[in-house]
Peer 1: 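Pasting a structure below so you can have a look.
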Amino acid sequence: MNKNREIKISKFLSYVLRHKPESIGLTLNDNGWASVAEILKNRKLRFSLENLKFVVENNDKQRFSFNEDYSLIKANQGHSIEIKLEFQKIVPPEILYHGTAQHFLASILETGLEKRQRHHVHLSIDIKTASKVGKRHGKLIILAIDSQKMHEDGYQFYLSDNNVYLVNQVPANYLTVAMQD
Ligand code: HQG
């Protein structure tokens with residue numbers, strides 16, 4: 001499939017499965033699953049089941065999942081609408097990373113990392129992944145999170161199906177600057 005079309009379908013899926021299902025008359029169940037048949041019937045962007053499978057399987061960040069018989073599809077994380085995603089509770093690795101923009105630093109050191117529009121603060125397993133996330137926002141800065149200490153102090157960590165580490169907040173005292181551009 002042509003890369004532009006693939007990205008277009010992926011963005012469309014993010015929009016309807018994370019943010020605005022009602023824009024195409026779709027309903028998500030409590031855990032965020034939507035009917036594949038309903039999605040294929042939408043009038044905004046036409047594509048086949050084969051196209052959809054291709055986009056889901058080749059997605060750079062594995063943003064979406066099918067159920068076993070391909071009748072349902074969901075976004076693995078990143079929702080702004082209220083759903084009860086069943087994330088796996090985990091004991092985090094000792095250190096996790098968060099990539100962000102340097103201009104956010106002063107505010108982050110004041111209030112800690114907040115979830116903003118999302119359901120959780122998103123953390124990365126390594127600096128490489130955190131760099132990709134952070135560069136989207138401006139001049140890169142990588143923060144290291146003492147996730148082991150946070151966990152010992154009672155903060156619950158989760159892992160999404162596409163291996164994003166999630167936590168409700170990161171107070172500033174668990175953060176240090178690991179690297180900046
Ligand atoms: C910042 C993408 C000032 C935070 C990525 C971040 C990731 C603060 C921004 C996923 C702050 C929110 C998540 C504070 C947090 N003061 N700024 N107190 N607390 N921020 O996009 O982590 O393509 O909502 O540092 O790859 O950048 O959607 O979060 O810069 O996996 O699948 O507020 O989104 O994946 O930005 O990215 P975002 P994020 P998808």
Side-chain angles (χ1 to χ4, degrees), residues 3-21 23 28 31-34 39 45 52 54-66 73-83 85-88 90 92-93 95-147 150 155-181:
K3 196 77 199 161
N4 279 343
R5 180 153 160 83
E6 191 183 334
I7 292 172
K8 203 165 174 193
I9 296 175
S10 171
K11 291 204 163 167
F12 172 79
L13 292 176
S14 285
Y15 186 69
V16 299
L17 294 174
R18 290 169 164 183
H19 308 299
K20 284 254 186 262
S23 66
L28 306 188
N31 299 322
W33 292 101
I39 297 227
L45 190 64
L52 185 62
F54 183 88
V55 170
V56 170
E57 272 152 32
N58 293 286
N59 190 260
D60 55 347
K61 287 204 223 137
Q62 294 295 299
R63 291 181 178 89
F64 315 104
S65 302
F66 285 114
I73 185 169
K74 69 169 180 177
N76 289 325
Q77 37 75 229
H79 301 75
S80 60
I81 46 175
E82 211 38 65
I83 51 146
L85 274 187
E86 290 159 336
F87 290 123
Q88 207 185 324
I90 51 139
I95 304 282
L96 285 167
Y97 299 94
H98 180 84
T100 187
Q102 290 179 18
H103 61 265
F104 290 151
L105 183 64
S107 160
I108 291 173
L109 291 178
E110 208 165 290
T111 58
L113 282 173
E114 300 167 333
K115 50 192 173 180
R116 301 280 156 130
Q117 313 302 324
R118 304 194 187 247
H119 289 191
H120 298 94
V121 173
H122 290 218
L123 303 174
S124 308
I125 187 75
D126 54 30
I127 290 185
K128 189 171 166 227
T129 315
S131 302
K132 283 193 206 149
V133 176
K135 278 184 189 150
R136 294 158 42 249
H137 297 288
K139 207 158 193 280
L140 180 66
I141 186 166
I142 306 275
L143 304 172
I145 288 103
D146 191 344
S147 36
M150 276 185 78
Y155 291 89
Q156 179 63 58
F157 285 76
Y158 304 88
L159 188 59
S160 73
D161 289 347
N162 58 341
N163 293 320
V164 178
Y165 288 82
L166 305 167
V167 68
N168 278 327
Q169 55 162 319
V170 180
N173 56 305
Y174 298 101
L175 289 169
T176 48
V177 175
M179 210 186 85
Q180 40 187 319
D181 262 359

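Each ligand, and each atom within it, is numbered from 1 in the order the structure gives.
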Peer 1: Select one of side chain, backbone, both or neither to describe which atoms of Glu114 lie under 4.0 Å from any atom of ligand 1, heavy atoms only.
Peer 2: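 The answer is both.
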Peer 1: When you compare ligand 1 with Val164, is there at least one nitrogen or oxygen pair between them that comes in under 3.5 angstrom?
Peer 2: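 No, there is no polar N/O contact under 3.5 Å.
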Peer 1: Run down the list Gln62, Gln77, Arg116 and name the one with the heavy atom closest to atom 11 (C) of ligand 1.
Peer 2: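 Selected option, by shortest heavy-atom distance: Arg116.
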Peer 1: Nearest to atom 4 (C) of ligand 1, what protein heavy atom do you find, and at what distance?
Peer 2: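 Closest protein heavy atom to atom 4 (C) of ligand 1: His98 NE2, 3.4 Å.
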Peer 1: Would you mind reporting whether Leu13 and Leu52 have side-chain heavy atoms less than 4.5 Å apart?
Peer 2: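 Answer yes - side chains close enough.
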Peer 1: Quick one: do Tyr165 and His122 satisfy ring-ring contact (aromatic ring centres under 6.0 Å, His included)? Show the steps, please.
Peer 2: CA-CA 6 Å; Tyr165 288 82; His122 290 218; over 10 Å; no
Peer 1: In ligand 1, which numbered atoms sit nearer than 4.0 Å to a non-hydrogen atom of Gly112?
Peer 2: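 In order of numbering, the contacting atoms are 14 (C), 18 (N), 19 (N).
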Peer 1: List the closest protein heavy-atom neighbour of atom 31 (O) of ligand 1: residue, atom name, distance to the nearest 0.1 Å.
Peer 2: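 That would be His122 ND1, 3.8 Å.
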Peer 1: I need the nearest protein heavy-atom contact for atom 37 (O) of ligand 1: residue, atom name and distance, please.
Peer 2: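 Looking only at protein heavy atoms, the one closest to atom 37 (O) of ligand 1 is Arg136 NH1, 3.4 Å.
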Peer 1: Keeping to residues at least two apart or across chains, list the salt bridge (charged side-chain N to carboxylate O under 4.0 Å, His left out) pairs with something in residues 155-180.
Peer 2: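 Applying salt bridge (charged side-chain N to carboxylate O under 4.0 Å, His left out) to every pair that reaches into residues 155-180, excluding sequence neighbours, yields Lys74-Asp161.
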Peer 1: Which class fits the ring pair Tyr158 and Phe87: parallel under 30°, tilted 30 to 60°, perpendicular over 60°?
Peer 2: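 Ring orientation, 0 to 90° scale: tilted.
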Peer 1: Heavy-atom distance under 4.5 Å between the side chains of Leu28 and Leu17, does that happen here?
Peer 2: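 Answer yes - side chains close enough.
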Peer 1: To which protein heavy atom is atom 27 (O) of ligand 1 closest, and what is the distance rounded to 0.1 Å?
Peer 2: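 Of every protein heavy atom, His137 NE2, 2.6 Å lies nearest to atom 27 (O) of ligand 1.
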Peer 1: So, do Val55 and Arg5 sit near enough that their side-chain heavy atoms are less than 4.5 Å apart?
Peer 2: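 No. Closest side-chain heavy atoms not under 4.5 Å.
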Peer 1: At less than 4.0 angstrom from any non-hydrogen atom of Ser107, what atoms of ligand 1 do you find?
Peer 2: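 So the answer, numbered in order with elements, is 3 (C), 14 (C), 16 (N), 18 (N).
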Peer 1: Verify whether one side chain among Gln62 and Asn76 offers a donor that lies under 3.5 Å from an acceptor in the other.
Peer 2: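 Short answer, no.
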Peer 1: About how many Å separate CG of Asp126 and CD1 of Ile142, when rounded to the nearest 0.5 Å?
Peer 2: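 Here the rounded value is 9.5 Å.
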Peer 1: To the nearest 0.1 Å, how far is atom 38 (P) of ligand 1 from its closest protein heavy atom, and which atom is that?
Peer 2: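 The closest one turns out to be Arg118 NE, 3.4 Å.
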Peer 1: Please compare Lys61, Arg18, Arg63, Lys11 and report which has the shortest non-hydrogen distance to atom 28 (O) of ligand 1.
Peer 2: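 It is Arg18 that holds the nearest heavy atom.
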Peer 1: Quick one: nearest non-hydrogen protein atom to atom 30 (O) of ligand 1, plus distance?
Peer 2: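 Of every protein heavy atom, Thr100 OG1, 2.9 Å lies nearest to atom 30 (O) of ligand 1.
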Peer 1: Within a distance under 4.0 Å of any heavy atom of Val133, pick out the atoms of ligand 1 and give their elements.
Peer 2: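 Selected atoms, number and element: 5 (C), 7 (C), 22 (O), 26 (O), 27 (O), 37 (O), 39 (P).
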Peer 1: Between ligand 1 and Lys115, is the shortest N or O to N or O distance under 3.5 Å?
Peer 2: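 It does not: no N or O of Lys115 is found under 3.5 Å from an N or O of ligand 1.
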Peer 1: Please report which non-hydrogen protein atom sits nearest to atom 1 (C) of ligand 1, along with the residue it belongs to and the distance in Å to one decimal place.
Peer 2: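 For atom 1 (C) of ligand 1, the nearest protein heavy atom is Phe104 CD1, 3.9 Å.
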Peer 1: Regarding His19 and Ser80, is there a side-chain donor-to-acceptor distance under 3.5 Å anywhere?
Peer 2: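 Present: a donor and an acceptor within the cut-off.
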Peer 1: Have a look at ligand 1 and work out which part of Ile108, if any, has a heavy atom under 4.0 Å from it: side chain, backbone, both or neither.
Peer 2: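 For Ile108, the contact with ligand 1 is made by both the backbone and the side chain.
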Peer 1: Enter the distance from Asn59:CG to Ile7:CD1 here, rounded to the nearest 0.5 Å.
Peer 2: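 Between Asn59 CG and Ile7 CD1, I get 10.0 Å after rounding to 0.5 Å.
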